Amino acid sequence: MKILMVCLGNICRSPLAEGILREKIKDLDAEVDSAGTASYHVGEAPDPRSIKIGRKYGINISDLRGRQFTEADFDHFDKIYTMDASNYRNVLNRARNDEDKAKVELILNEIEPGSDREVPDPYYGGDQGFEDVYRMLDQATDQIVKKIKNGG
Ligand code: 4NP
């Protein structure tokens, strides 16, 4: 199972999602990566606040570097988890066919199917926003791991 986490900048939410899931799938036949729909932060390390919240829970994401989502990601990945409605629309708009479209999901729908809840963009907020994001992603990735163990 190849999973891609997508947000806007690939420096706050999706690198955390990648780091948290990577830790949980260490012993499974699965891989995870992350990307942003925007190009502003390509090549950059994650936001220091995301690095800090990860470190608090034993997750090291400091080596990750931002990259932009591309259509080739539809070829490589089985599942593409987006953080909010805007990322979801952006990725879906790049889909070339129904097979591509079927790979795209809002990540919190793994916790509450069909709820269409979003992982809010924490970039302009304070530390509590990153704490909230961490908790949501921890729960969502638990569900993703269950799915992987059940064969996807
Ligand atoms: P992310 O957060 O999408 O979770 O990485 C953001 C990072 C940067 C910006 C917006 C959101 N920005 O506008 O630069």
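Counting convention: from 1, in listed order, for ligands and their atoms alike. The figures here come from the full heavy-atom set of this structure, side chains too, leaving out hydrogens, waters and symmetry mates. Computed from a predicted model, the values in this text were never measured in an experiment.
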Ligand-side contact atoms (ligand 1) for residue partner Leu8, heavy atom cut-off under 4.0 Å: 3 (O), 10 (C), 11 (C)
Can you confirm whether the side chains of Asn93 and Asn90 place a donor and an acceptor under 3.5 Å from each other? no
Residue set satisfying side chain to side chain donor-acceptor pair (under 3.5 Å) with Lys24, at least two apart, ordered chain then number -> Asp138, Thr141, Asp142
In ligand 1, the atoms that come under 4.0 Å of a heavy atom of Tyr124 are 13 (O)
Do Ile111 and Val6 land in one hydrophobic cluster if side-chain heavy atoms of ILVMFWY residues count as linked below 4.5 Å? no
Ile11 neighbourhood, listing ligand 1 atoms whose heavy-atom distance to it stays under 4.0 Å: 5 (O), 7 (C), 8 (C)
Under a 4.0 angstrom heavy-atom cut-off, which atoms of ligand 1 come close to Gly9? 1 (P), 3 (O), 5 (O)
For ligand 1, which atoms have a heavy atom of Cys12 less than 4.0 angstrom away? 1 (P), 2 (O), 4 (O), 5 (O)
To the nearest 0.5 angstrom, please state how far the CD1 atom of Ile20 sits from the CD atom of Glu18. 11.0 Å
Relative to atom 14 (O) of ligand 1, which among Arg13, Met5, His41 owns the nearest non-hydrogen atom? His41
Considering only heavy atoms of Asp121, which atoms of ligand 1 have at least one such atom less than 4.0 Å away? 2 (O), 6 (C), 10 (C), 11 (C)
Parallel, tilted or perpendicular: rings of Tyr57 and Tyr134 (30°, 60°): parallel
